[in-house]
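Here is the structure we will look at, set down as structure tokens.
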Amino acid sequence: MNDLTPPKSEQELLARAHAIAGLSLGALAEKFLLKVPKQQLYAKGWIGELLELQLVATAGSRPEPDFPHLGVELKTLPINQLGKPRESTFVCSINLNNSLNKTWETSTVWRKLRRVLWIPIEADPAIPLAERRVCPPLLWSPTAEQAMILQADWQELTDMICFGQLAQITAKLGRYLQIRPKAAHAKSLCWGSNEKGEPTLTLPRGFYLRTSFTHQILQQYYA
DNA sequence: AAGTGATCATAA
DNA sequence: TTATGATCACTT
């Protein structure tokens, strides 16, 4: 049986995550009387939510780390059979109105990335979802150099938003962090501002970590 | 095969 | 509509 209360320390959180390493998603789902979705297409966040249940994350859908009292963010990371991430990692949504007077230190990106519990998950399409296993966790903080690059990316992209250059933002920008759409569909709209500083309807966006960066994180632990 | 842009579910 | 959890699928 597992604890139903939030972990009281990083050590406890890490221990709980280690305890489920090797378990299949089917076995984990069974503990919560959940059915494994037949396809991920209509259950894209299912694995992440399953792990939140198991580890008793409490942030809900607030723009806070999953374990606010510990300042730790939880991220599942789909990996192929070579241990390489198969997808980019969503970090947080972006407020396109008043991203002004925000600093790196107080930004949601930094508050979520300063401490992350990464849980790699087998994600080879050849393995049925229920049989994919949870891999050993990594409790990570960016190195000084990584933090500098993340900050530079964040500053560059945030500046563009502040200067009304939303239209010129592409996923090609940013070394580790990039901005991509984060919406129900291409017709979802939210308020932003154009080059003249006028309110404009635009596609909601989010910050994402490139797979090359999360791969680097895995290497730094498994090297 | 990568990488970018599009999309799906759900809660408040 | 905004936030969370992400993966899908088309283009390059």
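Numbered from 1 within each chain, the chains take letters A, B, ... in sequence-line order.
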Side chain of [X] (C-beta onward), nearest among [options]:
X: A:Q40; options: C:dG5, B:dT7, C:dT7; value: C:dT7
X: A:Q178; options: B:dT4, C:dA3, C:dA6; value: B:dT4
X: A:A183; options: B:dT7, C:dA6, C:dT4; value: B:dT7
X: A:A171; options: B:dT4, B:dA6, C:dG5; value: B:dT4
X: A:Y42; options: C:dG5, B:dA9, B:dT7; value: B:dA9
X: A:C190; options: C:dT7, C:dT2, C:dG5; value: C:dT2
X: A:R210; options: B:dT7, B:dT4, B:dA9; value: B:dT4

Can you measure [X] atom [atom1] to [N] atom [atom2] for me and round it to whole angstrom units?
X: A:Q39; N: B:dA9; atom1: CD; atom2: P; answer: 12 Å
X: A:R86; N: C:dT7; atom1: CZ; atom2: P; answer: 9 Å
X: A:L173; N: B:dG5; atom1: CG; atom2: P; answer: 9 Å
X: A:L82; N: B:dA2; atom1: CG; atom2: C1'; answer: 15 Å
X: A:L74; N: C:dA6; atom1: CG; atom2: P; answer: 7 Å
X: A:W46; N: B:dT10; atom1: CH2; atom2: C1'; answer: 16 Å
X: A:I127; N: C:dT7; atom1: CD1; atom2: C1'; answer: 16 Å
X: A:F213; N: B:dT4; atom1: CZ; atom2: C1'; answer: 19 Å

Using a 6.0 Å cut-off, check whether atom NZ of A:K38 has over 12 heavy atoms from anything other than its own residue.
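It does not: A:K38 NZ has 12 such atoms or fewer within range.
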
Across the strands shown, which category fits [X] at heavy-atom distances under 4.0 angstrom: base, sugar-phosphate, nothing?
X: A:P204; result: nothing
X: A:P181; result: base
X: A:L189; result: sugar-phosphate
X: A:G48; result: sugar-phosphate
X: A:L203; result: sugar-phosphate
X: A:T170; result: sugar-phosphate

Do [X] and [Y] pair up side chain to side chain, a donor and an acceptor below 3.5 Å, judged on atom types alone?
X: A:T214; Y: A:T211; value: no
X: A:R180; Y: A:S88; value: yes
X: A:E156; Y: A:Q151; value: no

Taking every non-hydrogen atom, the tightest pair across A:R111 and A:P63:
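That would be NH2-O, 3.6 Å.
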
Under 3.5 Å, is there a donor-acceptor pair between the side chain of A:S188 and the main chain of A:H185?
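Present.
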
Donor-acceptor contact below 3.5 Å, side chain A:Q178 vs main chain A:A171:
yes

With nearest nucleotides of DNA chain C determined for A:T76 and A:S61 from heavy-atom distances, which residue corresponds to the more 5′ nucleotide?
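Closer to the 5' end of DNA chain C: A:S61.
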
DNA chain C nearest-nucleotide lookup for A:E87 and A:G60: closer to the 5′ end is A:G60

Would you say [X] places a side-chain N or O within less than 4.0 Å of OP1 or OP2 belonging to [N]?
X: A:K84; N: B:dA1; result: no
X: A:K112; N: C:dT4; result: yes
X: A:S93; N: C:dT4; result: yes
X: A:K182; N: C:dT1; result: no

